[in-house]
Amino acid sequence: MACVAVLTLSACAADGSPASFPAPGMSTPSPAPAPIPIGVVGDSLSSGGPWDAVAVDPGSWTYYLDSRYEVTGGWRRDGATSTLMAANLQPFAADALVVLAGTNDVATGIEPELTLENVTRIADSADVRAVVLCAIPPYSAAPDRAAALNTALVGLARREGWTWVDPWVEARDGTAWREGATPDGIHGSLASYAQAAERIDDAVGRALEASPEADSAE
């Protein structure tokens with residue numbers, strides 16, 4: 001009688017363990033898209049960290065930036081006026097620029113006209129597809145001056161075709177802070193920063209969608 005041996009073959013990985021193969025019809029997941037590079041220019045509202053002006057609440061809206069964005073350029077420093085920002089910002093390239101400047105201009109008596117000039121210089125220093133200009137938050141020591149600066153900033157954004165956003169809507173009560181939204185009348189609470197980041201995230205997305213490059217790509 002002839003005997004027939006039946007050999008059972010099993011596939012193994014290099015280390016001897018059973019190899020795994022995708023099931024029929026299944027595809028390998030695509031890698032996550034690279035984050036969109038953005039630049040941020042601002043003061044302690046945008047810098048945060050242990051060196052922040054508010055030791056008990058060392059936050060920043062950038063802590064809560066959506067993971068689809070990555071800060072790769074710009075200039076941020078506690079206590080910075082728009083003049084200091086414009087003087088220290090080095091040219092850089094990114095997809096979008098976010099500018100949140102003016103709180104320290106109000107604090108030091110810089111006139112809105114100079115703030116607008118400085119913000120324009122900042123935008124001119126950046127090679128970006130879109131610019132997002134942010135309102136400053138309430139300033140308890142001079143609420144009317146802060147409100148007047150925001151009015152001037154709105155006008156600048158409209159003239160330049162930039163995207164305007166007020167990140168502090170949930171934190172405002174007229175020209176003042178809502179109760180519990182600030183530890184000192186200048187900076188936001190962590191909850192305020194998280195809300196601000198959500199609005200800035202949305203504004204950056206809208207700005208990029210409306211950019212000329214986005215239109216031509218369609």
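As the structure is a prediction and not an experimental result, all values here were calculated from the model. Computed over heavy atoms, backbone and side chain alike; hydrogens, waters and symmetry mates excluded.
Taking hydrophobic clusters as Ile, Leu, Val, Met, Phe, Trp and Tyr residues chained together by side-chain heavy-atom distances below 4.5 Å, V154 shares a cluster with V99. One hydrophobic cluster, built from ILVMFWY side chains closer than 4.5 Å, cannot hold both L133 and V169; they sit in different ones.
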- Item | Residues V119, W162; criterion side chain to side chain contact (heavy atoms under 4.5 Å, CB included); working and verdict | CA-CA 12 Å; V119 171; W162 300 336; 3.9 Å; yes
- Message: Would R76 and V40 count as a side chain to side chain contact (heavy atoms under 4.5 Å, CB included) here? Give the steps.
- Response: CA-CA 7 Å; R76 295 170 282 166; V40 176; 3.7 Å; yes
- Task: Walk me through it: do L190 and Y63 pass the test side chain to side chain contact (heavy atoms under 4.5 Å, CB included)?
- Result: CA-CA 9 Å; L190 296 184; Y63 286 15; 5.6 Å; no
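Expressed to the nearest 0.5 Å, how far OH of Y193 lies from CG of L45 amounts to 5.0 Å. Taking OG1 of T103 as the reference point, atom CG of L149 lies at 8.0 Å (rounded to 0.5 Å). Taking CG of L97 as the start and CG of D127 as the end, the distance is 11.0 Å to the nearest 0.5 Å. Expressed to the nearest 0.5 Å, how far CD1 of I186 lies from CD1 of I136 amounts to 11.0 Å. The structure places CH2 of W75 at 12.5 Å from OG of S125, a figure rounded to the nearest 0.5 Å.
Considering L156, N150, V132 in turn, N150 is the only one that fulfils the side-chain contact (heavy atoms from CB on, under 4.5 Å) rule with W164.
Applying the side chain to side chain donor-acceptor pair (under 3.5 Å) test to residues at least two apart or on different chains, the pairs with a partner in residues 107-123 are S82-N118, T83-N118, D105-T115. Sorted by first and then second residue, the pairs that involve residues 83-98 and meet salt bridge (charged side-chain N to carboxylate O under 4.0 Å, His left out), not counting sequence neighbours, are D95-R129. Among residues at least two apart or in separate chains, side chain to side chain donor-acceptor pair (under 3.5 Å) pairs with a member in residues 166-175 are D166-R172, E170-R199. Every pair tested for salt bridge (charged side-chain N to carboxylate O under 4.0 Å, His left out) that includes a residue from residues 187-197 fails, sequence neighbours excluded, so the list is empty.
The local environment of CZ in R206 is crowded, with over 12 non-hydrogen atoms from other residues, nucleotides or ligands closer than 6.0 Å.
Closest approach of T62 and S60 over heavy atoms only: OG1-OG, 2.7 Å. When every heavy atom of A197 is checked against every heavy atom of L65, the shortest pair comes out as CB-N, 4.2 Å. Closest of all the heavy-atom pairs between P37 and A94 is O-CB, 3.6 Å. Considering all non-hydrogen atoms of both residues, L100 and S46 come closest at CB-OG, 4.0 Å. Residues V131 and A123 come closest through the heavy atom pair CG2-CB, 4.4 Å. Shown here for C134 and V98, the closest heavy-atom pair between the two residues is SG-CG1, 3.7 Å.
For W61 (side chain) and A196 (main-chain N/O), no donor-acceptor pair under 3.5 Å exists by modelled atom type.
Under a 4.5 Å side-chain heavy-atom cut-off, the cluster of Ile, Leu, Val, Met, Phe, Trp and Tyr residues that includes I110 is completed by L114.
In this view, D66 and R68 satisfy the salt bridge (charged side-chain N to carboxylate O under 4.0 Å, His left out) rule, not counting sequence neighbours.
For the 3.5 Å distance criterion, the side chains of S47 and S44 fail to qualify, holding no donor opposite an acceptor. In this model, no donor atom of one side chain and acceptor atom of the other lie less than 3.5 Å apart for H187 and T182.
Side-chain contact between Y69 and P35 is absent, with no heavy-atom pair separated by less than 4.5 Å. Looking only at side-chain heavy atoms (C-beta outward), V204 and E209 stay at 4.5 Å or farther from each other.
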